[in-house]
Structures are given as structure tokens and as C-alpha cells.
Amino acid sequence: MKTRKKITRVRFFAIILLCMYSHITHCQTLYLDFSSYANQSVVITVPQATSADTLYSGILDDTGKATVQLSKKYQAYVGMATVQVGDKGARLDFIIHGENPVLRSREEYPGGNNIEFSNSLENTSLQNWFMSQLVRRQKLDLLTEVEKAYNPSDTFLVVLQREYNQLSVEQADFEKMLNQSPLYAAKFIKLYNFLTQEVNQLPIADSLHMSALRPYIRDSLDVESLYHSGLWFDILNGMLALYGEDTPFHSFFISDMSQILKRTPHDEIYIRLSENLFDICESMGWNNQEEELTRFLEEDSRIVAPTGKLKILFSLHKLRAGSKAPALSQGKLPVGKTLLVFYQSGCGPCEDEIQSLKINYPRLIEKGYQVVSVSSDEDDQLFKNTSASFPWADKYCDMKGLKGIDFENYGVIGTPTFYEIDSAGFIRGRYARLSEIGLLDD
């Protein structure tokens, strides 16, 4: 009997796949029906990592309906989408995957059970599966709390435990079914469960739990489905708790992320993930990980002509310790050891570091260092007011912000940034904080 059920299930999913891919070869159309929003605006967006692309923008007709034909660009799109209607912020998330779904709601605030999906196995499955899991998990949580109120010898506790075990089996069977399903709805729920059940618990997890979760992230996390899920930022940002400087896995951050990149077939996702990893390293001041990321990307050779953030990242690699410091556009680097600082007036971390620099300036002079500051200010008076109190003489600003020549030549996309340069004009290191350089150590 078990074999027959398994074969039947496999055939069922095969039929689903066949139906879905036959739809993809035709022009996909979305049918919207929001009767409470007649003659009001409607916008449909699709998530792409941390950003969103507008798929459609228009006006519902006088019955609240609209027919949206997907452009060629989105014919092969698989993932979540968001429809926003009216100016009150009413919005609904749904799936696009080779179907011609009808989205209907007569309520003022569409969502949950007041949405009717038709002609869409993806969306009806997502709606039914999500709600059934929600109820099941609420019951499990309630039983866990109720159990605490009973003495272990109470006979009623047996009834509670039996119910809990039955629900646990149902959830395990449900998760097994998700693993076998070809629907994007199943992939999305798995990602949602990973976020809520695992990632969100990382800040309070012990090292054993972190160690058990790490192989899944490195080897199995579905970044292809994640890219269009709308959960990209929450999951990627939440995972940092596993790789923080105070964890045993900090040094494995880039090596683990490199494994994810290696198993990412689509260049668009590969590039976006690489950019986000660079952003993380920059914002966290993880310079060693930043260099490790650059080495991997260069050796992997998938990015032939880097642009934007990755162009800066590749440029930074040329500024690693031991490389010649670029010349300044507005003056010369002093002869001798130099501490070059890039900052912006009004930037909180910059003000803290500049204050520390001013306080410790005499100690730096004693150690043979001269200080040069370059500002990203775009207002001349603001620059003059801020730099007036600096005790060093070399203070520059070209009023071009982060697009200034010196900022670009030194690959600075965030402030403050420090460069330590030796007496021969070679870079010794790049830092986010003065304390990291080690010059204040006795």
C-alpha cells in the first residue's frame, strides 16, 4: 500500500509540473477583481533580493477589475508578487508561476481568508497550506503552555501528550510533503519556516544548535527560490547571528557563502548575493572577510566585467596590504608614516572616530604618524566648520561626496574608513575604527 501511494503521489506531482510548464509557453495573464476599489490605482511588484521591480501599474475599471498580461520579461518568472490597490495601503502577496490566476476580494482590506483564488494551484495551495500549518502550530504552542499547569502525575496530561504527539506527526508529514512538492508554494513555506523557526532563534541559540544549522545554510539553502520570495533580507541578515565576531563560526563566513555562490546557477542571483556580501563586510567592518570574498570572486572568474559595488570591491583588492597607496587629487601624501581618514560631517560613527583621532593626535605624532583627512561633504561651509577644529594641517574635500576622485581611488563607499600607509608609501591596512589599527596600544 505504501508503494502504491508513493507512486500515485509522484505521478500527481509530475502532472502538476507538466501543466505548469505548458502554461509557461503561453502568455501569462493575471485577472484582478477588487470590487471595493473601483477606479482606483493598482500596482504589482515582484521582489528581487532586497529590491522590487514594478511589473504593472494602472487603474482598476469601474467594477474594480483589471486584466494584466505579463510582458515577455516576466514570462518565465517564478516567485512571489505583491499587488497594492488604492491609496490606503491595501496589499496582497501571491505567487506567479506559469498560471493565469484570478485574484478576487470584495473586502476593503484584502488578505487571509477573504481572498478567493481560482485557476491557480499555486495560490490555493499556499493559502490552504499556510493556514493549516498556522492552526496546527498554534495548537502545539497552546498544548505546550497548558502542559506546564499540570502535575506530571495528572492523568489528563496523558491526553494532552497524545494530542501533542499526533499534531507533531501531522506537522512532520506536512513538511515531508513540502519536500516532495514541485510547487513554489512549498518552497516559500519552507523558507518561511526556516526564517521563523531557525533564523529568528539564532540570537539565543547555543553553539551546538548553530553548528547543526550551519551545514544546511552552506549546502542546502535554496537561494534560487529565496531571490524572489521577499524574505531575502530577513534571512540573509538574520543569518549573521551565526557568523558574528563573538561566535565560533566567524572565520567561516566567506567560505560558507562561497559554497552558496558556487551552487547558484543564475548570474543575476550570483551577482546580487556577491554585492550583498560586500555590503555586509563593509557595514560590519569585516575587512579580512572582504578580502577573502574578493579572492574567491576573482578565482571563480564568473564576473568578467564588474560594475557598481563589485567594481569597487575589485578595486579594493588592489589596495590590499603591501600595495602602493594612490596619489591624492588635491594634495600630496606626507613624507613618512601616514594615517589617512575618510569621513563625513554629521555621520555619528565618523564624529566618534574623529573625536578619538583629535584626542590621540599627540600620541600619533609621537609615534611618527601624520594625519590626512578627506571629507565627503558637499557643502563648503559645512566642511570648513567641521574641519576647523582638526589639529592636523592636511584637510581635503572636493565637494563631490562619495563620488569624489579620492573616495573612488581608495574604494571608499562608507565612512569612516582609515588607511595606514608606511613611510615608503605602501598600504599597511584598511580599517573602520581607529582602535583596530593598534597604534594606540602601549
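Atom set for the values below is all heavy atoms of this structure, side chains included, hydrogens, waters and symmetry mates excluded. Computed from a predicted model, the values in this text were never measured in an experiment.
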J.: So with a 6.0 Å cut-off around CZ of R136, is the heavy-atom count from everything else above 12?
T.: yes
J.: Can you pull the side-chain hydrogen bond (donor to acceptor under 3.5 Å, both in side chains) pairs that have at least one residue in residues 292-301, sequence neighbours excluded?
T.: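 The answer is Y270-D300, E298-H317.
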J.: Between Y243 and Q289, is any side-chain donor less than 3.5 angstrom from a side-chain acceptor?
T.: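 Side chains of Y243 and Q289: no pair found under 3.5 Å.
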J.: For the atom pair CD (Q259) and OG (S220), what is the distance rounded to the nearest 0.5 Å?
T.: 11.5 Å
J.: With sequence neighbours excluded, tell me which residues meet side-chain hydrogen bond (donor to acceptor under 3.5 Å, both in side chains) with T63.
T.: D61
J.: Assess whether side chain to side chain contact (heavy atoms under 4.5 Å, CB included) is satisfied between S168 and L140, documenting all intermediate values.
T.: CA-CA 8 Å; S168 297; L140 286 167; 3.8 Å; yes
J.: Do L242 and D256 touch side chain to side chain, with heavy atoms closer than 4.5 Å?
T.: no
J.: Which class fits the ring pair F253 and W286: parallel under 30°, tilted 30 to 60°, perpendicular over 60°?
T.: perpendicular
J.: M210 and A205: which non-hydrogen atoms are nearest, and at how many Å?
T.: CE-O, 3.8 Å
J.: Whether the S51 and R272 side chains hold a donor-acceptor pair (N or O, under 3.5 Å, no angle test) is what I'd like checked.
T.: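 Their side chains do contain a donor-acceptor pair, which is all the 3.5 Å distance test asks for.
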J.: For Y431 and N287, which heavy atoms make the closest approach, and how far apart are they?
T.: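 Nearest heavy atoms, Y431 then N287: CA-ND2, 3.4 Å.
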J.: Show me the pairs that pass salt bridge (charged side-chain N to carboxylate O under 4.0 Å, His left out) and involve residues 238-254, at least two apart or across chains.
T.: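 Salt bridge (charged side-chain N to carboxylate O under 4.0 Å, His left out) check on residues 238-254 returns no pairs.
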J.: Where the side chain of E353 meets the backbone of L434, is there a donor-acceptor pair that is under 3.5 Å apart?
T.: yes
J.: With sequence neighbours left out, what residues match S211 under side-chain contact (heavy atoms from CB on, under 4.5 Å)?
T.: F249
J.: Is the closest side-chain heavy-atom distance between F407 and D398 below 4.5 Å?
T.: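 No, every pair of side-chain atoms sits at 4.5 Å or beyond.
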J.: Verify the neighbour count for atom OH of Y77: are there more than 12 heavy atoms of other residues, nucleotides or ligands below 6.0 Å?
T.: yes
J.: Please list, chain by chain and in numerical order, all residues satisfying side-chain contact (heavy atoms from CB on, under 4.5 Å) with Y150, sequence neighbours excluded.
T.: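 So Y150 forms a side-chain contact (heavy atoms from CB on, under 4.5 Å) with V146, D154, F156, L157, L160.
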J.: Mind checking side-chain hydrogen bond (donor to acceptor under 3.5 Å, both in side chains) for T247 and listing every partner two or more places apart, or none if nothing turns up?
T.: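 Scan of T247 (side-chain hydrogen bond (donor to acceptor under 3.5 Å, both in side chains), adjacent residues dropped) gives none.
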J.: Minimum heavy-atom separation for I96 and L55, please, with both atom names.
T.: CD1-CD1, 3.8 Å
J.: Where do L340 and D406 land on the side chain to side chain contact (heavy atoms under 4.5 Å, CB included) test, with the steps shown first?
T.: CA-CA 11 Å; L340 178 61; D406 294 321; over 6 Å; no
J.: Applying ring-ring contact (aromatic ring centres under 6.0 Å, His included), name anything that partners Y109, two or more places apart in sequence or on another chain.
T.: none
J.: Output yes when a side-chain donor or acceptor of Y184 lies under 3.5 Å from a complementary backbone atom of S225, and no otherwise.
T.: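 Yes, the answer is positive, given that a donor and an acceptor are paired below the 3.5 Å cut-off.
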J.: Within a 6.0 Å radius of atom NZ on K311, are there more than 12 heavy atoms belonging to other residues, nucleotides or ligands?
T.: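 Count not over threshold, so no.
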J.: If you look only at pairs with a residue in residues 155-171, which of them pass as a salt bridge (charged side-chain N to carboxylate O under 4.0 Å, His left out), with sequence neighbours excluded?
T.: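 Checked against salt bridge (charged side-chain N to carboxylate O under 4.0 Å, His left out) - neighbours excluded - no pair reaches residues 155-171.
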J.: Please report the closest heavy-atom contact between I260 and I217, naming both atoms and the distance.
T.: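 Closest approach of I260 to I217, heavy atoms only: CD1-O, 3.4 Å.
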J.: Can you tell me which residue pairs pass the salt bridge (charged side-chain N to carboxylate O under 4.0 Å, His left out) test with a partner in residues 31-52, sequence neighbours excluded?
T.: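 Matches after skipping sequence neighbours: D33-R104.
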J.: Taking Q28 for the side chain and G98 for the main chain, is one N or O donor matched with an acceptor at less than 3.5 Å?
T.: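 Yes, because the side chain of Q28 sits within donor-acceptor range (under 3.5 Å) of the backbone of G98.
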J.: For H228 and P47, indicate whether the former's side chain and the latter's backbone hold a donor-acceptor pair under 3.5 Å.
T.: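 Yes; judged by distance alone, with no hydrogens or angles, the pair exists.
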J.: Decide yes or no for L261 and R302: does some side-chain heavy atom of the first lie under 4.5 Å from some side-chain heavy atom of the second?
T.: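 Side-chain contact under 4.5 Å: no.
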J.: Is a donor on one side and an acceptor on the other found under 3.5 Å between the side chain of S181 and the backbone of L178?
T.: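 No: the side chain of S181 does not pair with the backbone of L178.
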J.: Of all residues at least two apart in sequence or in a different chain, which pass the side-chain contact (heavy atoms from CB on, under 4.5 Å) check with V83?
T.: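 Per chain and number, V83 pairs via side-chain contact (heavy atoms from CB on, under 4.5 Å) with L32, F34, V42, I44, V85, L92, F94, L103.
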J.: Is there a side-chain contact between P101 and F117 (heavy atoms, below 4.5 Å)?
T.: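 A side-chain contact is absent here, since even the closest heavy-atom pair is not under 4.5 Å.
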J.: Tell me, yes or no, whether the heavy-atom count around H266 atom NE2, taken from other residues, nucleotides or ligands under 6.0 Å, exceeds 12.
T.: no
J.: Considering all heavy atoms of both residues, which atom of W232 and which atom of S229 are nearest to each other, and what is their separation?
T.: N-OG, 4.0 Å
J.: Evaluate R430 against E282 for salt bridge (charged side-chain N to carboxylate O under 4.0 Å, His left out), listing each step before the verdict.
T.: CA-CA 11 Å; R430 179 172 177 268; E282 278 290 297; 3.0 Å; yes
J.: Are L273 and L277 close enough, and set up right, to give a side chain to side chain contact (heavy atoms under 4.5 Å, CB included), and what steps lead you there?
T.: CA-CA 6 Å; L273 179 55; L277 292 173; 4.2 Å; yes
J.: Please step through side chain to side chain contact (heavy atoms under 4.5 Å, CB included) for the pair Q344 and D377, ending with a clear verdict.
T.: CA-CA 6 Å; Q344 180 180 28; D377 294 340; 3.8 Å; yes
J.: Keeping the roles fixed (side chain from E99, backbone from E122), state whether a donor-acceptor pair exists under 3.5 Å.
T.: yes
J.: Show the nearest heavy-atom pair for residues P203 and N200, with the distance to one decimal.
T.: CD-O, 3.6 Å
J.: Would E290 and K309 pass as an ion pair if we require N to O under 4.0 Å?
T.: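 So E290 does not pair with K309 through a salt bridge.
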J.: Using side-chain contact (heavy atoms from CB on, under 4.5 Å) as the criterion, list what pairs up with K73, not counting sequence neighbours.
T.: D53, S71
J.: Within the 3.5 Å criterion, strictly below it, is a donor on Q171 or Q133 matched to an acceptor on the partner's side chain?
T.: yes
J.: In Å, rounded to the nearest 0.5 Å, how long is the span from CD of Q180 to CG of L183?
T.: 12.5 Å
J.: Would you say L313 and P306 make side-chain contact, with heavy atoms under 4.5 Å?
T.: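 Side-chain contact under 4.5 Å: no.
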J.: Would you call the rings of Y216 and F194 parallel, tilted or perpendicular if under 30° counts as parallel and over 60° as perpendicular?
T.: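 Rings of Y216 and F194: tilted, as their planes differ by 30° to 60°.
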J.: Can you find a heavy atom in the side chain of L213 that is under 4.5 Å from one in the side chain of L202?
T.: yes
J.: Please determine whether the number of non-hydrogen atoms from other residues, nucleotides or ligands lying under 6.0 Å from atom CZ of R428 exceeds 12.
T.: no
J.: Is a side-chain N or O of N128 found less than 3.5 angstrom from the main chain of T124, in a donor-acceptor match?
T.: yes
J.: Run the salt-bridge test on E175 and R137 with the 4.0 Å N-O cut-off and return the result as yes or no.
T.: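 Yes.
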J.: With sequence neighbours left out, which residue pairs that include part of residues 216-225 fulfil the salt bridge (charged side-chain N to carboxylate O under 4.0 Å, His left out) condition?
T.: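 Salt bridge (charged side-chain N to carboxylate O under 4.0 Å, His left out) check on residues 216-225 returns no pairs.
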